[in-house]
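First the proteins, then the strands, lettered A, B, ... as listed; each starts at 1. In what follows, every heavy atom counts, from backbone to side chain, and hydrogens, waters and symmetry copies are set aside.
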Number of protein chains: 2
Amino acid sequence: MREELREELREDDYELLARLAHRYYVDERTQEEIAHEFALSRPKVQRLLDRARRSGVVAIHIQAPPGLRLELESQLRETFGLSDAIVCSARTDPQAEREAVAQRAARYLERRLHDGCVVAVSHGRTAGAVPRFFRPASRLDVTFVSAMGGSPGIDAPTNPNEICRALAAGCGGQAVSLYAPAYVESVEIRDQLLAQEAIAGSLDRAAQATVALVGIGGTDDGCTMVRSGCLTTSEIAWLRSQGAVGDVLGNYVDTEGRPIASPHQDRLLALTVDHLRRIGTVVAVVSEPEKPRAILGVLRVGVISVLVVDEGNARAVLDLVAHEPARGGAAGSGRRASQREV
Amino acid sequence: MREELREELREDDYELLARLAHRYYVDERTQEEIAHEFALSRPKVQRLLDRARRSGVVAIHIQAPPGLRLELESQLRETFGLSDAIVCSARTDPQAEREAVAQRAARYLERRLHDGCVVAVSHGRTAGAVPRFFRPASRLDVTFVSAMGGSPGIDAPTNPNEICRALAAGCGGQAVSLYAPAYVESVEIRDQLLAQEAIAGSLDRAAQATVALVGIGGTDDGCTMVRSGCLTTSEIAWLRSQGAVGDVLGNYVDTEGRPIASPHQDRLLALTVDHLRRIGTVVAVVSEPEKPRAILGVLRVGVISVLVVDEGNARAVLDLVAHEPARGGAAGSGRRASQREV
DNA sequence: GTCAACCGTGAGCAAATGCTCACCAATGCA
DNA sequence: TGCATTGGTGAGCATTTGCTCACGGTTGAC
């Protein structure tokens, strides 16, 4: 919005703007002082300074550490209404990339968590890498609760209970495990399990969390939900055929963020999208390459508030949005790139 | 003061500062919003942004038109307590240089003058070039009054009366002439002249001015006061021997800005330094090359509030101050250059 | 172990800033 | 010529910002 082309300035105006801007930004005079000096009214000085900024006479440059992609982050925030976005610069090694993302997520949690917080935790390889880097400066009285059941089919450190335990150990907090599988073979069994106090209680605590740490899953045959045995390859293929592009906590959505009603849903022991919606801060960590469509779909659900992601996926997601034909006004690849010019 | 070396930052701090700065300066969030996003207190965000600025993470660059020497101007303002300084970029031709200075002075007056102003005007070649460029956008009801008498020995356009007339013509204002010579041969004659209502009245109006436009004279044999016949070369030599480095309205001062008591003073028909002191805005225009010592002395009198000067003199004056042994702390050439680092 | 000195912190306030709005002058149009 | 429109202007107010100050927790010396 309010995109302003670098307007053409008359030479005299240019000089005045530069003079005012120098006085304001370099010499740090107040607008009132400057107004007095130049025999202008204060609001006029304000307007001129505004113009100086918009016309590019004043250039504010943020000297970011290499590897920080602040521009991308801002675009993600704006495009998806996130309250925060953290992008890690591209690395060749997927393993290193995952660690970089996990480290940033850990730093974010260190900043964000404070005594009394309750954090709901999903499964996932990237989420599983977070605890290794989670070392708050001081002890934190935080409770980590599994937001979904476990799966024997995948590495232990990728399971929610394990992630909770490790995170709690990292800060001296508490871990609340969910002693149930992520996925069972019938609705009846799930309902029986949900009737268990131990299980319902844990899930309920997760639902009451103020923060959630979640991964974003894809719909390819090698995705976590398949590797963990929650879904078969034919089931994931069926979901794909229904338009599913990704999931959060086993809740599949299409590219528009609409839920995919599926029979598998009812055999899942995890928080629902509505649960997540009620949790103030939902932090999603993603690093697996080539997940942009999954990310796009899940972001559009509108429950994610913070995204920690690698640079490749970040760019890819924004590209998807920019090239989409049907949505929003004036698509085309150039639009997004010129959003900010300062 | 408060010179801050670019402090060394830890990598994490660096990242946080860059992130905050980007959010604040590029995305234009308020400090409060940022504080909330980063789970910090508002004052803390403020301090961090402060640090970001001082440590150079935020670089504010003013894209000045070529030939604008804003840095020099700020140094002049600070060094001599001027309310404004305008420096014109160096040109090879002294004539072109004078015109450039005069043009800037004219622009300044156009901005500064408003209906009802009374401007006291001295003689001088540079001051004489001002009217040619003085073309306010709209009619101005301003009165220009000679602040010293005339001299038949110099070009007409260099005489105060003539400058007043031309300035008044330029804006549709009034000119009040001083019908007296700048310099007479005895104190008695001067006193007689001062007793004349026409003369005393004009000088009095000049003394009541709210703005003054003055030149700064040197003490070489070719200075305006000698060329105009006000002083002989032996008189100016005597003044030099007394330490005089320059004058304003015929009032000679030494390099410290102290007045030089001289017998010639009493034969002068012009405003005194004390008169000038009571005039709110005294604009000095100087462009003759190699006048830095004259400028230095006159600026130190403390009556000049605005200096319009060529780049060569501006640098030379600041160099003189920087290399002075006796005054202020920690002299040496490097000091001034490092005053501002942003 | 105790005490003093010292950051770093956030509350609270004063100043500075951004913004809205009503007004005026200049311009264009009938 | 009169009238409507537009662009720019400064008054006044709400918000944002910078700053002071008292407090608490930590460090380091004795």
Side-chain angles (χ1 to χ4, degrees), chain A residues 1-2 4-5 7-10 12-14 16-17 19-55 57-58 60 62 110-116 136-141 172 342, chain B residues 1-2 4-5 7-10 12-14 16-17 19-55 57-58 60 62 110-116 135-141 171-172 342:
Chain A
M1 61 202 76
R2 117 158 24 198
E4 212 87 25
L5 288 204
E7 50 182 321
E8 214 38 68
L9 298 169
R10 281 184 34 245
D12 278 8
D13 283 355
Y14 188 9
L16 181 61
L17 291 190
R19 221 175 262 290
L20 287 171
H22 192 269
R23 212 78 186 103
Y24 187 71
Y25 288 104
V26 181
D27 297 344
E28 296 187 314
R29 305 282 138 186
T30 67
Q31 297 183 356
E32 188 116 26
E33 286 176 302
I34 296 169
H36 191 251
E37 276 176 27
F38 286 78
L40 301 166
S41 73
R42 215 259 304 152
K44 174 132 203 183
V45 170
Q46 159 135 283
R47 275 187 276 261
L48 290 170
L49 285 173
D50 231 41
R51 212 160 127 234
R53 243 168 294 147
R54 285 186 287 102
S55 65
V57 173
V58 178
I60 299 182
I62 311 296
E110 287 167 7
R111 265 213 323 266
R112 205 65 175 67
L113 298 181
H114 54 264
D115 288 351
S138 63
R139 217 172 158 288
L140 280 174
D141 179 19
V342 178
Chain B
M1 62 201 79
R2 128 166 6 211
E4 212 87 25
L5 286 205
E7 51 182 319
E8 213 38 65
L9 298 170
R10 281 185 32 243
D12 278 7
D13 283 356
Y14 188 9
L16 180 61
L17 292 191
R19 222 176 262 290
L20 288 171
H22 193 268
R23 211 81 185 103
Y24 187 71
Y25 288 104
V26 181
D27 296 344
E28 297 188 312
R29 306 280 138 186
T30 68
Q31 297 182 356
E32 188 116 27
E33 286 176 301
I34 296 170
H36 191 252
E37 277 175 29
F38 286 77
L40 301 165
S41 72
R42 215 257 306 152
K44 175 132 206 188
V45 170
Q46 158 135 284
R47 275 186 275 260
L48 289 171
L49 284 173
D50 230 42
R51 214 160 124 233
R53 243 167 296 148
R54 282 186 289 100
S55 65
V57 173
V58 178
I60 300 181
I62 311 296
E110 287 167 9
R111 263 209 330 262
R112 204 68 176 69
L113 297 181
H114 53 264
D115 288 351
R135 292 287 175 277
S138 63
R139 217 171 159 290
L140 280 174
D141 180 20
C171 71
V342 177

*Closest-nucleotide ordering on DNA chain C, the 5'-leading residue of A:Thr30 and A:Arg47*: A:Thr30

_Residue met sooner reading DNA chain C from 5', once B:Arg42 and A:Pro43 are mapped to nucleotides_ =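 Of the two residues, B:Arg42 wins.
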
_Need two values: the first and the last nucleotide of DNA chain C, 5' to 3', having an atom under 4.0 Å from any heavy-atom of chain A._
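Span of nucleotides near chain A: C:dA16 to C:dC19.
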
Atom [atom1] of [X] to atom [atom2] of [N]: distance rounded to whole Å?
| X | N | atom1 | atom2 | value |
| --- | --- | --- | --- | --- |
| B:Ile34 | D:dT17 | CD1 | C1' | 12 Å |
| A:Asp50 | D:dG8 | CG | C1' | 15 Å |
| B:Leu48 | D:dT17 | CG | P | 14 Å |
| A:Gln31 | D:dG10 | CD | C1' | 14 Å |

*Between D:dG10, D:dG18, D:dC13, spot the one nearest the side chain of A:Lys44, thanks.*
D:dG10

*Given D:dG12, D:dT17, D:dG18, the nucleotide with the shortest approach to the side chain of B:Arg53*: D:dG18

*asked:* Apply side chain to side chain contact (heavy atoms under 4.5 Å, CB included) to residues B:Leu16 and B:Phe38 and explain how you reach the verdict.
replied: CA-CA 9 Å; B:Leu16 180 61; B:Phe38 286 77; 3.8 Å; yes

*Smallest separation among heavy atoms of B:Leu17 and B:Ser55, with atom names*: CD1-OG, 4.1 Å

*How long is the gap from CG on A:Asp27 to CZ on A:Arg19, to the nearest 0.5 Å?*
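CZ of A:Arg19 is found 11.5 Å from CG of A:Asp27.
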
*If you measure from CD1 on B:Ile60 to NE2 on A:His22, what distance do you get to the nearest 0.5 Å?*
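Between B:Ile60 CD1 and A:His22 NE2, I get 11.5 Å after rounding to 0.5 Å.
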
*asked:* Under a 3.5 Å threshold, yes or no: a donor from one side chain and an acceptor from the other, between A:Arg53 and B:Tyr25?
replied: no

_I'd like to know if A:Arg47 pairs up with A:Asp50 as an ion pair, taking the criterion as any Lys NZ or Arg NE/NH1/NH2 lying under 4.0 Å from an Asp or Glu carboxylate oxygen._
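A salt bridge is absent here (no side-chain N lies under 4.0 Å from a carboxylate O).
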
_Taking any heavy-atom pair under 4.0 Å as a contact, classify A:Gln46: base, sugar-phosphate, or nothing._
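Base, at least one base atom sits under 4.0 Å.
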
